[in-house]
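The structure presented is a predicted model; accordingly, all values stated were derived computationally and were not measured. Convention: sequence-line order gives letters A, B, ...; per-chain numbering from 1. Quick note: numbers below take in every heavy atom, side chains included, and nothing from hydrogens, waters or symmetry partners.
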Protein chains: 2
Amino acid sequence: MNDSGRSTGSSAGSKRKDARRNQQTLLDAAAAVFVASGVDAPVRDIAAKAGVGMGTIYRHFPTRADLVIAVYRHQVDACAEAGPALLAAGPTPHAALGRWVDLFVDFLVTKHGLAAALQNDNAGFETLHAYFLDRLLPVCTRLLEAAAAAGEIRPGLDAYQLMRGIGNLCIGAESDARYDARRLVALLVAGLRRPD
Amino acid sequence: MNDSGRSTGSSAGSKRKDARRNQQTLLDAAAAVFVASGVDAPVRDIAAKAGVGMGTIYRHFPTRADLVIAVYRHQVDACAEAGPALLAAGPTPHAALGRWVDLFVDFLVTKHGLAAALQNDNAGFETLHAYFLDRLLPVCTRLLEAAAAAGEIRPGLDAYQLMRGIGNLCIGAESDARYDARRLVALLVAGLRRPD
DNA sequence: TCGATACCGGAGCGAGGTTCCGATTCGCTC
DNA sequence: GAGCGAATCGGAACCTCGCTCCGGTATCGA
(Lines give C-alpha, C1' and ligand atoms only; values in the text may rest on other atoms or scores of the structure.)
Protein backbone atom coordinates (compact mmCIF):
# COMPACT_ATOMS: atom_id res chain seq x y z
CA MET A 1 0.00 0.00 0.00
CA ASN A 2 1.04 3.52 -0.78
CA ASP A 3 4.72 3.42 -1.46
CA SER A 4 4.55 7.10 -2.17
CA GLY A 5 8.17 7.10 -1.13
CA ARG A 6 9.68 10.52 -1.25
CA SER A 7 13.34 11.12 -0.60
CA THR A 8 12.79 10.24 3.02
CA GLY A 9 16.04 8.53 3.54
CA SER A 10 15.70 5.00 2.33
CA SER A 11 14.12 2.03 3.92
CA ALA A 12 15.33 -0.88 1.89
CA GLY A 13 17.70 0.57 -0.66
CA SER A 14 20.59 0.76 1.78
CA LYS A 15 23.21 -1.76 0.86
CA ARG A 16 25.65 -1.50 3.65
CA LYS A 17 24.84 -2.86 7.04
CA ASP A 18 26.33 -0.02 9.06
CA ALA A 19 24.35 2.46 7.07
CA ARG A 20 21.11 0.74 7.91
CA ARG A 21 22.09 0.37 11.53
CA ASN A 22 22.98 4.01 11.75
CA GLN A 23 19.72 5.01 10.18
CA GLN A 24 17.80 3.14 12.84
CA THR A 25 20.01 4.52 15.57
CA LEU A 26 19.35 7.99 14.25
CA LEU A 27 15.62 7.46 14.17
CA ASP A 28 15.61 6.30 17.77
CA ALA A 29 17.84 9.12 18.90
CA ALA A 30 15.79 11.68 17.00
CA ALA A 31 12.57 10.40 18.51
CA ALA A 32 14.04 10.68 21.98
CA VAL A 33 15.42 14.15 21.39
CA PHE A 34 12.19 15.32 19.79
CA VAL A 35 10.29 14.32 22.88
CA ALA A 36 12.79 16.01 25.14
CA SER A 37 13.51 19.18 23.22
CA GLY A 38 10.98 19.48 20.42
CA VAL A 39 11.25 18.87 16.72
CA ASP A 40 13.55 21.80 16.20
CA ALA A 41 16.21 20.56 18.55
CA PRO A 42 19.76 21.27 17.39
CA VAL A 43 21.02 18.81 14.83
CA ARG A 44 24.20 18.46 16.81
CA ASP A 45 22.26 17.18 19.78
CA ILE A 46 20.64 14.45 17.74
CA ALA A 47 23.94 13.43 16.26
CA ALA A 48 25.53 13.37 19.69
CA LYS A 49 22.67 11.37 21.17
CA ALA A 50 23.01 8.84 18.38
CA GLY A 51 26.78 8.80 18.76
CA VAL A 52 27.43 9.65 15.13
CA GLY A 53 28.88 12.60 13.29
CA MET A 54 26.84 15.24 11.61
CA GLY A 55 27.78 14.15 8.15
CA THR A 56 25.96 10.94 8.86
CA ILE A 57 22.76 12.61 9.84
CA TYR A 58 22.75 14.84 6.79
CA ARG A 59 23.47 11.96 4.45
CA HIS A 60 20.58 9.90 5.73
CA PHE A 61 18.20 12.82 6.09
CA PRO A 62 19.16 15.68 3.81
CA THR A 63 16.71 18.03 5.43
CA ARG A 64 15.30 18.16 8.89
CA ALA A 65 11.90 17.52 7.43
CA ASP A 66 13.02 14.14 6.16
CA LEU A 67 14.02 13.17 9.64
CA VAL A 68 10.78 14.36 11.16
CA ILE A 69 8.77 12.57 8.53
CA ALA A 70 10.65 9.35 9.09
CA VAL A 71 10.09 9.55 12.83
CA TYR A 72 6.38 10.22 12.64
CA ARG A 73 5.50 8.41 9.44
CA HIS A 74 3.72 5.60 11.23
CA GLN A 75 1.52 7.88 13.22
CA VAL A 76 0.65 10.01 10.23
CA ASP A 77 -0.24 6.91 8.30
CA ALA A 78 -2.40 5.69 11.14
CA CYS A 79 -4.22 8.98 11.18
CA ALA A 80 -4.75 8.85 7.45
CA GLU A 81 -6.13 5.35 7.63
CA ALA A 82 -8.47 6.21 10.46
CA GLY A 83 -10.37 8.63 8.24
CA PRO A 84 -12.30 6.19 6.07
CA ALA A 85 -12.86 3.93 9.04
CA LEU A 86 -14.45 6.71 11.05
CA LEU A 87 -16.53 7.75 8.11
CA ALA A 88 -17.86 4.23 7.77
CA ALA A 89 -18.46 3.79 11.48
CA GLY A 90 -19.73 7.19 12.55
CA PRO A 91 -23.40 8.04 12.77
CA THR A 92 -22.99 11.06 10.50
CA PRO A 93 -20.20 12.46 8.38
CA HIS A 94 -19.93 15.51 10.58
CA ALA A 95 -19.45 13.33 13.64
CA ALA A 96 -16.77 11.37 11.81
CA LEU A 97 -15.08 14.59 10.81
CA GLY A 98 -15.13 15.75 14.40
CA ARG A 99 -13.61 12.55 15.64
CA TRP A 100 -10.96 12.53 12.95
CA VAL A 101 -10.04 16.11 13.76
CA ASP A 102 -9.66 15.11 17.40
CA LEU A 103 -7.23 12.43 16.36
CA PHE A 104 -5.23 14.86 14.32
CA VAL A 105 -5.16 17.43 17.09
CA ASP A 106 -4.07 14.86 19.64
CA PHE A 107 -1.24 13.89 17.39
CA LEU A 108 -0.08 17.46 16.85
CA VAL A 109 -0.45 18.58 20.42
CA THR A 110 1.66 15.79 21.83
CA LYS A 111 4.63 16.59 19.61
CA HIS A 112 6.61 19.54 20.82
CA GLY A 113 6.75 22.19 18.18
CA LEU A 114 5.47 20.01 15.37
CA ALA A 115 2.55 22.26 14.61
CA ALA A 116 4.82 25.27 14.53
CA ALA A 117 7.27 23.48 12.28
CA LEU A 118 4.47 22.63 9.89
CA GLN A 119 3.68 26.27 9.21
CA ASN A 120 7.24 27.36 9.30
CA ASP A 121 8.26 28.62 5.91
CA ASN A 122 11.92 28.37 6.79
CA ALA A 123 13.88 26.40 4.29
CA GLY A 124 13.75 22.68 4.86
CA PHE A 125 10.31 22.58 6.38
CA GLU A 126 8.21 22.85 3.28
CA THR A 127 8.88 19.18 2.61
CA LEU A 128 7.28 18.39 5.94
CA HIS A 129 4.31 20.51 5.04
CA ALA A 130 4.06 18.74 1.71
CA TYR A 131 4.17 15.32 3.29
CA PHE A 132 1.37 16.02 5.69
CA LEU A 133 -0.66 17.47 2.89
CA ASP A 134 -0.01 14.55 0.57
CA ARG A 135 -1.01 12.10 3.22
CA LEU A 136 -3.86 13.76 5.04
CA LEU A 137 -5.41 16.17 2.62
CA PRO A 138 -7.23 13.49 0.61
CA VAL A 139 -8.62 12.02 3.79
CA CYS A 140 -9.83 15.35 5.06
CA THR A 141 -11.27 16.18 1.68
CA ARG A 142 -13.34 13.01 1.67
CA LEU A 143 -14.68 13.67 5.13
CA LEU A 144 -15.52 17.21 4.21
CA GLU A 145 -17.22 16.20 1.01
CA ALA A 146 -19.26 13.58 2.77
CA ALA A 147 -20.40 16.11 5.33
CA ALA A 148 -21.18 18.60 2.60
CA ALA A 149 -23.15 16.00 0.66
CA ALA A 150 -25.15 15.31 3.79
CA GLY A 151 -25.86 19.02 4.03
CA GLU A 152 -24.35 19.26 7.49
CA ILE A 153 -21.83 22.01 6.89
CA ARG A 154 -21.57 25.33 5.19
CA PRO A 155 -19.95 25.02 1.80
CA GLY A 156 -16.92 26.87 0.60
CA LEU A 157 -14.20 25.78 2.96
CA ASP A 158 -11.75 23.37 1.42
CA ALA A 159 -9.77 20.78 3.30
CA TYR A 160 -6.54 22.67 2.89
CA GLN A 161 -7.79 25.65 4.78
CA LEU A 162 -9.38 23.53 7.46
CA MET A 163 -6.22 21.54 8.06
CA ARG A 164 -4.09 24.59 8.02
CA GLY A 165 -6.36 26.28 10.50
CA ILE A 166 -6.29 23.28 12.78
CA GLY A 167 -2.53 23.09 12.55
CA ASN A 168 -2.27 26.74 13.40
CA LEU A 169 -4.56 26.43 16.37
CA CYS A 170 -2.34 23.71 17.78
CA ILE A 171 0.77 25.86 17.80
CA GLY A 172 2.15 26.32 21.26
CA ALA A 173 -0.62 24.29 22.86
CA GLU A 174 1.81 22.06 24.69
CA SER A 175 3.66 24.85 26.41
CA ASP A 176 0.80 26.98 27.62
CA ALA A 177 -1.48 25.61 30.28
CA ARG A 178 -3.96 28.44 29.79
CA TYR A 179 -4.51 27.52 26.17
CA ASP A 180 -6.63 24.57 25.17
CA ALA A 181 -6.19 23.89 21.47
CA ARG A 182 -8.73 21.08 21.50
CA ARG A 183 -11.40 23.41 22.69
CA LEU A 184 -10.74 25.98 20.00
CA VAL A 185 -10.56 23.43 17.26
CA ALA A 186 -13.87 22.04 18.46
CA LEU A 187 -15.30 25.54 18.27
CA LEU A 188 -13.99 25.91 14.76
CA VAL A 189 -15.58 22.67 13.68
CA ALA A 190 -18.78 23.74 15.37
CA GLY A 191 -18.67 26.98 13.42
CA LEU A 192 -18.40 24.94 10.27
CA ARG A 193 -21.73 23.36 10.94
CA ARG A 194 -24.67 24.70 9.06
CA PRO A 195 -26.66 27.06 11.31
CA ASP A 196 -29.79 25.31 10.18
CA MET B 1 -3.09 59.89 27.17
CA ASN B 2 -2.13 56.54 28.52
CA ASP B 3 1.49 56.94 29.35
CA SER B 4 1.58 53.31 30.41
CA GLY B 5 5.19 53.57 29.36
CA ARG B 6 7.06 50.36 29.65
CA SER B 7 10.71 50.14 28.85
CA THR B 8 9.86 50.77 25.24
CA GLY B 9 12.72 53.03 24.53
CA SER B 10 11.82 56.49 25.63
CA SER B 11 9.65 59.05 24.06
CA ALA B 12 10.48 62.23 25.89
CA GLY B 13 13.19 61.32 28.35
CA SER B 14 15.98 61.55 25.79
CA LYS B 15 18.07 64.55 26.46
CA ARG B 16 20.50 64.57 23.61
CA LYS B 17 19.39 65.66 20.22
CA ASP B 18 21.24 62.99 18.24
CA ALA B 19 19.78 60.28 20.42
CA ARG B 20 16.27 61.38 19.70
CA ARG B 21 16.99 61.74 16.02
CA ASN B 22 18.47 58.27 15.87
CA GLN B 23 15.49 56.83 17.64
CA GLN B 24 13.16 58.23 15.05
CA THR B 25 15.44 57.12 12.23
CA LEU B 26 15.45 53.64 13.69
CA LEU B 27 11.70 53.53 13.95
CA ASP B 28 11.33 54.53 10.32
CA ALA B 29 13.97 52.09 9.15
CA ALA B 30 12.48 49.29 11.22
CA ALA B 31 9.02 49.94 9.85
CA ALA B 32 10.38 49.79 6.32
CA VAL B 33 12.36 46.62 6.91
CA PHE B 34 9.44 44.97 8.70
CA VAL B 35 7.28 45.56 5.68
CA ALA B 36 9.94 44.26 3.34
CA SER B 37 11.27 41.29 5.29
CA GLY B 38 8.93 40.68 8.20
CA VAL B 39 9.26 41.43 11.87
CA ASP B 40 12.05 38.95 12.36
CA ALA B 41 14.37 40.55 9.89
CA PRO B 42 18.03 40.49 10.94
CA VAL B 43 18.91 43.25 13.34
CA ARG B 44 21.91 44.05 11.23
CA ASP B 45 19.67 44.86 8.31
CA ILE B 46 17.68 47.33 10.32
CA ALA B 47 20.82 48.98 11.62
CA ALA B 48 22.24 49.16 8.12
CA LYS B 49 19.02 50.60 6.72
CA ALA B 50 19.05 53.25 9.40
CA GLY B 51 22.73 53.91 8.84
CA VAL B 52 23.66 53.30 12.45
CA GLY B 53 25.64 50.69 14.32
CA MET B 54 24.11 47.82 16.17
CA GLY B 55 25.05 49.18 19.53
CA THR B 56 22.70 52.04 18.84
CA ILE B 57 19.77 49.84 18.05
CA TYR B 58 20.26 47.77 21.18
CA ARG B 59 20.62 50.81 23.38
CA HIS B 60 17.35 52.29 22.21
CA PHE B 61 15.50 49.00 22.05
CA PRO B 62 17.04 46.41 24.36
CA THR B 63 15.00 43.60 22.90
CA ARG B 64 13.50 43.10 19.51
CA ALA B 65 10.09 43.17 21.11
CA ASP B 66 10.66 46.73 22.26
CA LEU B 67 11.32 47.76 18.70
CA VAL B 68 8.29 45.98 17.36
CA ILE B 69 6.11 47.46 20.06
CA ALA B 70 7.37 50.94 19.36
CA VAL B 71 6.69 50.55 15.65
CA TYR B 72 3.16 49.26 16.06
CA ARG B 73 2.13 50.96 19.25
CA HIS B 74 -0.19 53.39 17.56
CA GLN B 75 -2.06 50.72 15.70
CA VAL B 76 -2.40 48.54 18.76
CA ASP B 77 -3.71 51.47 20.71
CA ALA B 78 -6.19 52.26 17.98
CA CYS B 79 -7.39 48.69 18.06
CA ALA B 80 -7.76 48.79 21.81
CA GLU B 81 -9.72 52.00 21.69
CA ALA B 82 -12.02 50.73 18.98
CA GLY B 83 -13.37 48.05 21.30
CA PRO B 84 -15.57 50.14 23.57
CA ALA B 85 -16.65 52.26 20.62
CA LEU B 86 -17.84 49.24 18.69
CA LEU B 87 -19.58 47.89 21.73
CA ALA B 88 -21.48 51.13 22.12
CA ALA B 89 -22.31 51.43 18.45
CA GLY B 90 -23.01 47.87 17.45
CA PRO B 91 -26.50 46.42 17.39
CA THR B 92 -25.49 43.54 19.63
CA PRO B 93 -22.40 42.64 21.64
CA HIS B 94 -21.73 39.66 19.40
CA ALA B 95 -21.76 41.86 16.33
CA ALA B 96 -19.38 44.25 18.04
CA LEU B 97 -17.13 41.38 18.95
CA GLY B 98 -17.13 40.19 15.37
CA ARG B 99 -16.23 43.59 14.06
CA TRP B 100 -13.51 44.08 16.62
CA VAL B 101 -12.03 40.71 15.77
CA ASP B 102 -11.99 41.72 12.12
CA LEU B 103 -10.02 44.77 13.05
CA PHE B 104 -7.54 42.72 14.99
CA VAL B 105 -7.17 40.19 12.21
CA ASP B 106 -6.64 42.89 9.62
CA PHE B 107 -3.90 44.32 11.73
CA LEU B 108 -2.15 41.00 12.22
CA VAL B 109 -2.47 39.79 8.67
CA THR B 110 -0.92 42.87 7.16
CA LYS B 111 2.25 42.56 9.24
CA HIS B 112 4.63 39.97 7.96
CA GLY B 113 5.33 37.42 10.61
CA LEU B 114 3.82 39.40 13.45
CA ALA B 115 1.35 36.70 14.37
CA ALA B 116 4.10 34.11 14.36
CA ALA B 117 6.31 36.32 16.48
CA LEU B 118 3.52 36.73 19.00
CA GLN B 119 3.39 33.02 19.72
CA ASN B 120 7.08 32.55 19.47
CA ASP B 121 8.44 31.53 22.83
CA ASN B 122 11.95 32.40 21.79
CA ALA B 123 13.65 34.71 24.20
CA GLY B 124 12.91 38.35 23.58
CA PHE B 125 9.43 37.86 22.22
CA GLU B 126 7.54 37.26 25.41
CA THR B 127 7.60 40.99 26.04
CA LEU B 128 5.76 41.44 22.78
CA HIS B 129 3.24 38.85 23.82
CA ALA B 130 2.83 40.59 27.14
CA TYR B 131 2.31 43.96 25.55
CA PHE B 132 -0.44 42.78 23.28
CA LEU B 133 -2.07 41.03 26.19
CA ASP B 134 -1.84 44.04 28.46
CA ARG B 135 -3.33 46.26 25.84
CA LEU B 136 -5.94 44.12 24.18
CA LEU B 137 -6.98 41.50 26.68
CA PRO B 138 -9.10 43.84 28.78
CA VAL B 139 -10.89 45.04 25.66
CA CYS B 140 -11.56 41.55 24.46
CA THR B 141 -12.69 40.52 27.90
CA ARG B 142 -15.26 43.29 28.01
CA LEU B 143 -16.63 42.39 24.62
CA LEU B 144 -16.83 38.77 25.57
CA GLU B 145 -18.52 39.51 28.86
CA ALA B 146 -21.06 41.75 27.20
CA ALA B 147 -21.88 39.04 24.69
CA ALA B 148 -22.09 36.47 27.46
CA ALA B 149 -24.37 38.71 29.49
CA ALA B 150 -26.61 39.05 26.46
CA GLY B 151 -26.71 35.28 26.23
CA GLU B 152 -25.34 35.26 22.72
CA ILE B 153 -22.36 32.97 23.18
CA ARG B 154 -21.48 29.76 24.88
CA PRO B 155 -19.79 30.34 28.19
CA GLY B 156 -16.43 29.03 29.23
CA LEU B 157 -14.05 30.56 26.75
CA ASP B 158 -11.94 33.33 28.17
CA ALA B 159 -10.52 36.21 26.21
CA TYR B 160 -7.01 34.88 26.46
CA GLN B 161 -7.83 31.72 24.61
CA LEU B 162 -9.86 33.53 22.02
CA MET B 163 -7.11 36.02 21.27
CA ARG B 164 -4.50 33.36 21.21
CA GLY B 165 -6.58 31.31 18.84
CA ILE B 166 -7.10 34.27 16.56
CA GLY B 167 -3.42 35.07 16.62
CA ASN B 168 -2.61 31.50 15.76
CA LEU B 169 -5.05 31.43 12.87
CA CYS B 170 -3.37 34.46 11.39
CA ILE B 171 0.06 32.86 11.22
CA GLY B 172 1.35 32.62 7.72
CA ALA B 173 -1.79 34.15 6.27
CA GLU B 174 0.14 36.75 4.32
CA SER B 175 2.35 34.29 2.50
CA ASP B 176 -0.19 31.72 1.38
CA ALA B 177 -2.79 32.69 -1.15
CA ARG B 178 -4.75 29.50 -0.55
CA TYR B 179 -5.28 30.35 3.09
CA ASP B 180 -7.80 32.91 4.21
CA ALA B 181 -7.31 33.64 7.87
CA ARG B 182 -10.27 36.01 7.99
CA ARG B 183 -12.57 33.25 6.91
CA LEU B 184 -11.38 30.84 9.55
CA VAL B 185 -11.51 33.39 12.29
CA ALA B 186 -15.06 34.20 11.25
CA LEU B 187 -15.87 30.53 11.50
CA LEU B 188 -14.35 30.38 14.95
CA VAL B 189 -16.40 33.32 16.12
CA ALA B 190 -19.46 31.72 14.56
CA GLY B 191 -18.72 28.57 16.51
CA LEU B 192 -18.64 30.63 19.64
CA ARG B 193 -22.23 31.63 19.13
CA ARG B 194 -24.81 29.85 21.15
CA PRO B 195 -26.47 27.18 19.03
CA ASP B 196 -29.79 28.38 20.33
C1' DT C 1 36.02 77.20 26.29
C1' DC C 2 36.23 72.89 28.71
C1' DG C 3 35.13 68.77 31.10
C1' DA C 4 31.92 65.18 32.02
C1' DT C 5 28.59 62.41 30.26
C1' DA C 6 25.97 59.98 27.19
C1' DC C 7 26.13 58.16 22.74
C1' DC C 8 27.97 55.96 18.49
C1' DG C 9 29.80 52.17 15.88
C1' DG C 10 31.60 47.94 14.82
C1' DA C 11 34.69 44.19 16.22
C1' DG C 12 34.01 40.01 18.53
C1' DC C 13 31.77 35.99 20.97
C1' DG C 14 28.59 32.11 21.05
C1' DA C 15 25.04 29.22 19.05
C1' DG C 16 23.20 26.77 15.40
C1' DG C 17 22.78 25.02 10.42
C1' DT C 18 25.14 23.14 6.54
C1' DT C 19 29.02 21.66 3.66
C1' DC C 20 33.15 19.26 2.60
C1' DC C 21 36.78 15.98 2.45
C1' DG C 22 40.26 12.74 4.40
C1' DA C 23 40.04 8.36 6.91
C1' DT C 24 37.63 4.26 7.61
C1' DT C 25 34.79 0.36 6.97
C1' DC C 26 32.08 -2.74 4.27
C1' DG C 27 30.87 -5.94 0.61
C1' DC C 28 32.37 -8.32 -3.24
C1' DT C 29 35.65 -10.87 -5.99
C1' DC C 30 39.47 -13.83 -6.80
C1' DG D 1 41.81 -15.21 3.24
C1' DA D 2 43.47 -11.08 0.99
C1' DG D 3 42.71 -7.13 -2.07
C1' DC D 4 40.12 -3.47 -4.00
C1' DG D 5 36.70 0.01 -5.05
C1' DA D 6 33.09 2.46 -3.27
C1' DA D 7 30.05 3.94 0.15
C1' DT D 8 30.08 5.68 4.66
C1' DC D 9 31.72 8.04 8.70
C1' DG D 10 33.05 11.94 11.46
C1' DG D 11 34.06 16.34 12.64
C1' DA D 12 36.51 20.51 11.30
C1' DA D 13 35.30 24.55 9.01
C1' DC D 14 32.24 28.13 7.23
C1' DC D 15 28.14 31.00 7.30
C1' DT D 16 24.45 33.61 9.45
C1' DC D 17 22.52 35.82 13.21
C1' DG D 18 21.69 37.55 17.94
C1' DC D 19 23.87 40.03 21.37
C1' DT D 20 27.79 42.36 24.20
C1' DC D 21 31.58 45.32 25.01
C1' DC D 22 34.60 49.09 24.72
C1' DG D 23 37.41 52.76 22.50
C1' DG D 24 36.39 56.98 20.16
C1' DT D 25 33.35 60.97 19.67
C1' DA D 26 29.71 64.37 19.74
C1' DT D 27 26.76 67.07 22.90
C1' DC D 28 25.30 69.63 26.88
C1' DG D 29 25.95 72.48 30.93
C1' DA D 30 28.93 75.54 33.47
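Using a 4.0 Å cut-off between charged nitrogen and carboxylate oxygen, B:Asp176 and A:Arg164 count as a salt-bridge pair.
Atom pair A:Tyr58:OH and D:dC14:C1' shows a separation of 13 Å (rounding to whole Å applied). Residue A:Ile46 contributes atom CD1, which lies 16 Å from atom P of D:dG11 at whole-angstrom precision. Across the protein-nucleic acid pair, B:Asn22 atom CG and C:dC8 atom P stand 5 Å apart, rounded to whole Å.
Note on ring orientation: taking the six-membered ring where Trp is involved, the planes of B:Phe104 and B:Phe132 are tilted (angle from 30° to 60°).
Applying the 4.0 Å criterion to OP1 and OP2 of C:dG17, one finds that A:Arg64 has a side-chain N or O inside that range. A:Thr56 has no side-chain polar atom (N or O) that falls below the 4.0 Å cut-off from OP1 or OP2 of D:dT8. Under 4.0 angstrom from either OP1 or OP2 of D:dA6 there lies no side-chain N or O belonging to A:Arg16. Using a 4.0 Å cut-off, no side-chain N or O of B:His60 falls inside it from OP1 or OP2 of C:dC7.
Within the 4.5 Å cutoff, the side chain of B:Asp40 has no heavy atoms near those of the B:Asn120 side chain.
One distance of note links CD1 of B:Ile46 with CG of B:Leu26; it measures 8.5 Å at 0.5 Å rounding.
Nearer to the 5' terminus of DNA chain C, by closest-nucleotide assignment, is the contact made by A:Pro42 (compared with the other of A:Pro42 and A:Gly55).
Using a 4.0 Å heavy-atom criterion, one finds that A:Arg44 contacts the bases of the nucleic acid, with or without backbone contacts as well. Here A:Ala48 lies out of heavy-atom contact (under 4.0 Å) with every strand.
Contacts between residues 26-37 of chain B and DNA chain C, counted as heavy-atom distances below 4.0 Å, involve no residue at all.
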